[in-house]
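What follows is one structure encoded as structure tokens, with my remarks underneath.
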Protein chains: 2
Amino acid sequence: MDKEVEVLNHLWTDIYYQLRYNHQEKITHQGIRILQVIEKEDEVGIKEIANVIQVSHNTASEHIKRLLGKKYVFKTRSSKDERKVILRLSEIGSDVLHRHSNLDEEKLKEILFEQMSDEERKLILEAFTLLWERAKDVRNS
Amino acid sequence: MDKEVEVLNHLWTDIYYQLRYNHQEKITHQGIRILQVIEKEDEVGIKEIANVIQVSHNTASEHIKRLLGKKYVFKTRSSKDERKVILRLSEIGSDVLHRHSNLDEEKLKEILFEQMSDEERKLILEAFTLLWERAKDVRNS
DNA sequence: AAGATTATATCTTATACTACGATACAAATT
DNA sequence: AATTTGTATCGTAGTATAAGATATAATCTT
């Protein structure tokens, strides 16, 4: 059981190491984590950021200031509560995030459509969908 | 075709977002990249590091100095060429890297062994192995 | 063996990132 | 009107990032 988990992790990291984008612009660790949260959650404000990356609200505010300066994110305000900021990714921010967390589209295309049969491609998609389904509501300890 | 690639990337990033480790110690972006290279390649020295993360050799040397200070890596020297440093991950470094790139073992166990049938688990392993096989020798543009 | 090359290390300098306490302020709640 | 909430800014401080200049030891070249 531990063995199988270990194998899967090895496959996971190897695949990412091989298929990720090579060219990566300068961005900090905290920057990426923040962009990820904004992309994956909705209605994210300063407080949520501070919570997720475990820093004080003022530090979170500073991080957002830098990301704003780089045009990676932009702010809107909640219509319900005018104090509350709602952060969204700009197109640039979205691109930067993808180049740091997605698999390289060119490489994926080559693998899926040049090196695989329709059967094999279907297997991959099925397996990922299944894992995604089960991952959605795993308890978050 | 583009659509399928996009879907797969979406699944990939969602799965990672859900299943990664929550507790992450302080480490910089460059730090992680360097640990990854040391883990995935062999006989890595200062020059290779500089090359992969695209900085000058002196900057790479400084990075390694910091990682040494944190006991994430240790140095040996090549027996063939005594000038050449060979970097290896310490146990601590290996742990830190895993908490930043692997899927959370506890979550994986729960999903694979509590929420899946033997059939389903087999499907996942098969698909990942297939993708891994094909990813190994994709051209690195 | 002398000179050139290679691999790394160190020093200096400059800028950016990270983090937090203190303070401020406007919107919302009581 | 007073309090709470969500965010922003200022001051301060430590660390990270990066590269040029310089140094050193091992290896290769001639």
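Protein chains get the first letters and strands the later ones, always in sequence-line order, with residue 1 at the start of each. Everything quoted here is computed from the prediction, not taken from an experiment.
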| task | On DNA chain C, check which nucleotide each of Ser56(A) and Glu82(A) is closest to and give me the residue with the more 5' one. | result | Ser56(A)
| Residues Arg134(B) and Glu110(A) bridged, charged N to O under 4.0 Å | no
| What one-letter contact string describes nucleotides 5-12 of chain D from 5' to 3', where B marks a base within less than 4.0 Å of any protein heavy atom, S marks contact via sugar-phosphate atoms alone, and - marks no contact? | BSBBBBB-
| query | Given Arg20(B) and Gln36(A), is the side chain to side chain donor-acceptor pair (under 3.5 Å) satisfied, shown in steps? | reply | CA-CA 13 Å; Arg20(B) 69 177 169 187; Gln36(A) 274 172 347; 2.8 Å; yes
| request: May I ask you to check whether Glu41(B) and Tyr17(A) show a side-chain donor-acceptor distance below 3.5 Å? | output: yes
| What's the CG-P distance between Leu35(B) and dA16(D), to the nearest Å? | 13 Å
| said: Without decimals, in angstroms, what is the distance between Gln30(B) CD and dT18(C) P? | reply: 12 Å
| Gap between atoms CD1 and C1', on Ile34(A) and dA19(C) respectively (whole Å) | 12 Å
| query | Please give, in whole Å, the distance from dA9(C) P to Ile49(B) CD1? | reply | 11 Å
| message | Parallel, tilted or perpendicular, judged at 30° and 60°: which one describes the rings of Tyr16(A) and Trp12(B)? | response | parallel
| said: Between Glu39(A) and His98(A), do the side chains contain a donor N or O and an acceptor N or O under 3.5 Å apart? | reply: yes
Using atom types as modelled, flag every donor-acceptor pair under 3.5 Å from a side chain in residues 122-131 of chain A to any protein atom, sequence neighbours excluded.
from      : atom 1 : to        : atom 2 : distance (Å)
Thr129(A) : OG1    : Leu125(A) : O      : 2.7

| task | Identify, residue by residue, the members of residues 93-101 of chain A with a heavy atom below 4.0 Å from DNA chain C, and return them in order of residue number, or none. | result | none
| field | Separation of atom CZ in Arg66(B) from atom P in dC11(C), rounded to whole Å | value | 15 Å
| message | Between the side chains of Asp14(A) and Lys136(B), is the shortest nitrogen-to-carboxylate-oxygen separation below 4.0 Å, so that they form an ion pair? | response | no
| Does a salt bridge link Asp104(A) with Arg99(A), judged by any charged N lying under 4.0 Å from a carboxylate O? | no
| Spacing between Tyr72(A) atom OH and dA16(C) atom C1', to the nearest angstrom | 13 Å
